[in-house]
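One structure is given here, and the rest of the page talks about it.
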Amino acid sequence: MPEGTNRRAVYGSYGGPEVLYVEESERPRAGKGELLIRQLASSVNGGDLSIRAGHAKPMAAMITPGWPKSIGMDVVGMIEEIGSGVEGWNVGDLVWGVSTGSNSIAEFVTMKAGSVALAPLNLETKVLGALPVAGTTAMASVGQFANVQPGERVLVRGAAGGVGSAIVQLARARGGRVTALASASTREAVLALEAEEVLDYREAAPEVLPEFDVIIDTVGSDLERFRSRLALGGRFVTITIDFKHPARGVLAVAGSAIHGSARIRQMVSTPGTKQLATLTALVEAGTLRPVIDSVYPLDEIAAAHERAEQHGTVGKIVIEI
């Protein structure tokens, strides 16, 4: 491959996984305050699927104007180049972070120096691609937003997914008594994360569930129905909305702040070096481990998205670069 190029996953129109392909573009350079990262791993996130499918066109247009559009958020790689004004980093450092430019499924990506941290050294590099987005989202939802306390009853929706599996682990680490909603085929995998109980989400309608002190939602639908299961003083955190019916989700969150005592809080968090360093410490201590469904090379990005859209996946679909 000629020097100065960058192979990256892109899509030229909204649609199914088949719109994804790999193109060669000009290799980015580290600007002032930036690091150029030679990517080693990334992953497929739920937001990637929705944006690619065209369910969030305004967001896609804002993040990546024009066509083709790049994709991906998880950054794991080696520092290749250090921009001016950056101190404390060395070429060759293994770092990780979360790209706000939706461009991480590529051989090279630039990141602000304050948006990365040293990555854990106790795991295979490729599996680390499962954790920057999922791990920091789980940290914020369990700690900052829900503030799970020992002995509290915690319901996790979408517990078999990448974020959900991390939430289960961190809620248990804080002493929460976790009930997980997942598909029947993923029950054993979620129990292995130390959830006390795993219920089939297709059978566990909100109306038949007991009350919970904390509900953490990774699905985005039926928010009002699940809000009814909060105990007095309970906390409800959702990390997403239903992109197919965005107005419904926004109204549920907004309405909960006006009507009733149980407010739904939508979690929005962009991690910096401090949060990512905490994530590194959790992984190195064994408190949080990546849950991997499958690993695909960059050239099979379309197949990776196809897998991500199937039922019964457990954990993250990793892209090895």
Side-chain angles (χ1 to χ4, degrees), residues 1-9 22 24-45 63-64 70-140 143 162 166 269-290 292 295-298 316 318-321:
M1 183 181 68
E3 184 68 18
T5 60
N6 181 32
R7 299 180 71 244
R8 60 178 192 151
V22 176
E24 279 195 6
S25 60
E26 184 178 353
R27 181 181 301 184
R29 299 296 303 271
K32 184 177 180 180
E34 292 182 335
L35 302 168
L36 178 65
I37 312 298
R38 180 186 289 271
Q39 277 280 75
L40 300 174
S42 189
S43 82
V44 179
N45 290 286
I63 296 173
T64 55
S70 55
I71 200 163
M73 298 175 67
D74 295 276
V75 173
V76 178
M78 311 284 285
I79 295 177
E80 181 83 3
E81 179 183 300
I82 299 174
S84 63
V86 176
E87 297 181 353
W89 295 105
N90 300 297
V91 171
D93 283 344
L94 178 65
V95 297
W96 63 358
V98 175
S99 167
T100 57
S102 191
N103 61 355
S104 70
I105 301 182
E107 291 178 327
F108 293 92
V109 62
T110 57
M111 294 285 288
K112 294 291 186 183
S115 298
V116 300
L118 291 172
L121 298 177
N122 61 327
L123 294 177
E124 243 188 310
T125 304
K126 67 180 178 182
V127 304
L128 295 179
L131 279 178
V133 171
T136 55
T137 301
M139 282 170 44
S269 178
T270 303
T273 298
K274 181 179 178 180
Q275 292 80 12
L276 289 157
T278 299
L279 179 64
T280 297
L282 288 170
V283 174
E284 290 183 337
T287 304
L288 178 64
R289 62 181 178 85
I292 308 297
V295 179
Y296 290 81
L298 171 61
K316 294 301 290 285
V318 167
I319 307 297
E320 188 172 16
I321 302 171

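- Considering every non-hydrogen atom in both Asn45 and Met73, the closest pair reads ND2-CB, 4.0 Å.
- Counting only heavy atoms from C-beta outward, the side chains of Leu36 and Pro28 approach each other to under 4.5 Å.
- The main-chain N or O of Arg7 is found under 3.5 Å from a side-chain atom of Glu107 such that the two form a donor-acceptor pair.
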Discussion item. Between Met78 and Leu94, does the side chain to side chain contact (heavy atoms under 4.5 Å, CB included) criterion hold? Intermediate values first, please.
Written reply: CA-CA 5 Å; Met78 311 284 285; Leu94 178 65; 3.9 Å; yes

Throw together a table of side-chain donor-acceptor distances under 3.5 angstrom for residues 109-127, partners on residues two or more places apart or in other chains.
residue : atom : partner : partner atom : Å
Asn122  : ND2  : Val283  : O            : 3.3

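- In this structure, CD on Gln275 lies 8.5 Å from OG1 on Thr273, to the nearest 0.5 angstrom.
- The side-chain hydrogen bond (donor to acceptor under 3.5 Å, both in side chains) contacts involving residues 82-106 comprise Ser42-Ser104, Trp96-Thr280, Ser99-Asn103, where partners must be two or more places apart or lie in separate chains.
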Discussion item. If you apply the rule side chain to side chain contact (heavy atoms under 4.5 Å, CB included), what do you find for Arg38 with Phe108, and how did you get there?
Written reply: CA-CA 5 Å; Arg38 180 186 289 271; Phe108 293 92; 3.5 Å; yes

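- Leu35 CG to Ile82 CD1: the interatomic distance, rounded to the nearest 0.5 Å, is 6.5 Å.
- Leu288 places none of its side-chain heavy atoms less than 4.5 Å from the side chain of Met139.
- Listed for the Glu284 side chain is no donor-acceptor partner under 3.5 Å among the backbone atoms of Ala281.
- Across every non-hydrogen atom of Ala134 and Ala166, the tightest pair is O-CB, 4.0 Å.
- Distance check: Arg27 CZ to Glu80 CD gives 6.0 Å after rounding to the nearest 0.5 Å.
- Smallest separation of non-hydrogen atoms from Ser70 and Thr64: OG-CG2, 3.5 Å.
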Worksheet entry | Working for side chain to side chain contact (heavy atoms under 4.5 Å, CB included), residues Arg8 and Leu298 | CA-CA 8 Å; Arg8 60 178 192 151; Leu298 171 61; over 6 Å; no

Worksheet item: How far apart are the C-alpha atoms of Thr136 and Val98, what are their side-chain angles, what is the distance that settles it, and do they pass the side chain to side chain contact (heavy atoms under 4.5 Å, CB included) test?
Response: CA-CA 9 Å; Thr136 55; Val98 175; 4.1 Å; yes

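- The backbone N or O of Val76 sits less than 3.5 Å from a side-chain atom of Gln39, completing a donor-acceptor pair.
- Residues Arg29 and Glu34 come closest through the heavy atom pair O-OE1, 3.9 Å.
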